[in-house]
Amino acid sequence: MFLLKVASLLNKRKIPYAIAGGYAMALHGIVRATMDVDLVLNLKKDDFIKFSEAMKEISLLSRLPVLPAQVIDFRKEYIKQRNLIAWSFVNYKDPSEVVDVLIVEDLAKIKTIKMTVGDIKISVVSLKDLVRMKENSGRAQDLLDLENLKKLSKEK
């Protein structure tokens, strides 16, 4: 499973992360179709550089011709001027393998929980922060996800 391959590598490289998006929803108990792995990292140059190097190890390359330091240095401009919310990586030999790093979120400001999938501990965005992220997004799919997340929040 691609998610486990990514999480395993990040754990091995000691790169702090949290799973967000569709996989986070599934890990919280709401299954919906998704292919890409959405991640939140610390908004630090060092972490972005380490992350970028780690992705090369599993044949994932940035879709944008930018360096990790540039993503951090120009992050606010990319968000405001170019409507870029994620730094995307893809395996061009297997385009189903995609990782998106959400540049609109900072891991340092997010509550996470640890979950075990198979024999791997995975860091996942908390249900409360996942709801907040979906509310802030405003995308149609996120608004649908939000309804399901709010139902789940009431149950827990």
Side-chain angles (χ1 to χ4, degrees), residues 1-107 110 112 114-125 129-130 133-149:
M1 171 191 245
F2 182 59
L3 171 66
L4 297 180
K5 181 162 90 170
V6 172
S8 227
L9 177 61
L10 296 176
N11 290 345
K12 181 178 111 185
R13 293 277 193 106
K14 296 184 182 356
I15 300 169
Y17 71 94
I19 303 296
Y23 276 108
M25 289 190 55
L27 290 165
H28 281 292
I30 300 171
V31 179
R32 78 160 168 84
T34 190
M35 285 184 55
D36 64 328
V37 174
D38 295 316
L39 297 174
V40 179
L41 302 175
N42 287 311
L43 293 177
K44 297 178 178 178
K45 285 182 188 179
D46 237 23
D47 284 7
F48 272 54
I49 291 167
K50 289 177 187 174
F51 175 81
S52 179
E53 290 302 314
M55 292 301 97
K56 289 177 190 172
E57 190 175 313
I58 56 173
S59 302
L60 289 157
L61 302 172
S62 174
R63 284 188 179 175
L64 297 175
V66 295
L67 298 172
Q70 292 172 312
V71 175
I72 295 296
D73 289 343
F74 300 108
R75 185 180 73 83
K76 289 179 182 174
E77 179 188 324
Y78 290 159
I79 294 167
K80 196 173 191 175
Q81 303 296 325
R82 300 176 188 186
N83 201 29
L84 183 71
I85 62 168
W87 185 27
S88 193
F89 288 77
V90 66
N91 179 343
Y92 288 101
K93 291 182 181 172
D94 182 358
S96 70
E97 293 187 347
V98 176
V99 173
D100 290 331
V101 178
L102 303 178
I103 65 169
V104 293
E105 297 288 342
D106 187 349
L107 184 61
I110 290 177
T112 63
K114 294 285 185 190
M115 295 184 170
T116 303
V117 179
D119 60 348
I120 298 172
K121 286 257 190 221
I122 295 178
S123 180
V124 181
V125 172
D129 277 327
L130 194 55
M133 290 166 70
K134 296 289 184 178
E135 286 173 336
N136 290 344
S137 162
R139 293 181 324 155
Q141 179 62 57
D142 290 327
L143 296 176
L144 289 172
D145 291 345
L146 190 54
E147 290 178 34
N148 291 321
L149 286 169

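Keep in mind that this is a model prediction, so the values were computed, not measured.
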Show the nearest heavy-atom pair for residues [X] and [Y], with the distance to one decimal.
| X | Y | result |
| --- | --- | --- |
| Asp38 | Gly22 | OD2-N, 4.1 Å |
| Ser96 | Asp94 | OG-OD1, 2.6 Å |
| Leu102 | Ala20 | CD1-CB, 4.0 Å |
| Pro65 | Gln70 | O-OE1, 4.5 Å |
| Leu130 | Ala24 | CD2-CB, 3.9 Å |

Distance check, rounded to the nearest 0.5 Å: [X] atom [atom1] versus [Y] atom [atom2]?
| X | Y | atom1 | atom2 | answer |
| --- | --- | --- | --- | --- |
| Ile15 | Leu39 | CD1 | CG | 10.0 Å |
| Lys5 | Leu60 | NZ | CG | 7.0 Å |
| Arg13 | Asp47 | CZ | CG | 12.5 Å |
| Asp106 | Lys44 | CG | NZ | 8.5 Å |
| Met25 | Thr34 | CE | OG1 | 9.5 Å |
| Ile120 | Leu4 | CD1 | CG | 4.5 Å |

Exercise for the section: Check the pair Phe51, Tyr17 against side-chain contact (heavy atoms from CB on, under 4.5 Å), reporting the backbone distance first and the verdict last. Expected result: CA-CA 10 Å; Phe51 175 81; Tyr17 71 94; over 6 Å; no

Practice task
Could you give me the CA-CA distance, side-chain angles and deciding distance for Ser88 and Leu64, then say whether side-chain contact (heavy atoms from CB on, under 4.5 Å) is met?
Solution key: CA-CA 7 Å; Ser88 193; Leu64 297 175; over 6 Å; no

Is any side-chain heavy atom of [Y] closer than 4.5 Å to one of [X]?
| X | Y | value |
| --- | --- | --- |
| Met35 | Phe2 | no |
| Ile103 | Phe48 | yes |
| Leu61 | Lys56 | yes |
| Thr112 | Leu107 | yes |
| Val125 | His28 | no |
| Met133 | Val40 | yes |
| Ile19 | Val37 | yes |
| Trp87 | Val66 | yes |

Practice task
Check the pair Val6, Glu97 against side-chain contact (heavy atoms from CB on, under 4.5 Å), reporting the backbone distance first and the verdict last.
Solution key: CA-CA 10 Å; Val6 172; Glu97 293 187 347; over 6 Å; no

Problem - From CA spacing to verdict: side-chain contact (heavy atoms from CB on, under 4.5 Å), Val117, Leu3 - result: CA-CA 10 Å; Val117 179; Leu3 171 66; 5.6 Å; no

Problem - Pair Lys50 + Glu53: basic N to acidic O under 4.0 Å - result: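 Answer for the salt bridge query: no.
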
Exercise for the section: Answer yes if the side chains of Tyr23 and Asp36 hold a donor-acceptor pair under 3.5 Å, and no otherwise. Expected result: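 Absent: no donor and acceptor within the cut-off.
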
Practice task
Determine whether more than 12 heavy atoms belonging to other residues, nucleotides or ligands lie under 6.0 Å from atom NZ of Lys14.
Solution key: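 No, because the 6.0 Å sphere around NZ of Lys14 holds 12 heavy atoms or fewer from other groups.
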
Practice task
Would you indicate whether Lys76, at its atom NZ, is surrounded by more than 12 heavy atoms from other residues, nucleotides or ligands within a distance under 6.0 Å?
Solution key: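 Counting neighbours around NZ of Lys76, 12 or fewer heavy atoms of other residues, nucleotides or ligands fall under 6.0 Å, so no.
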
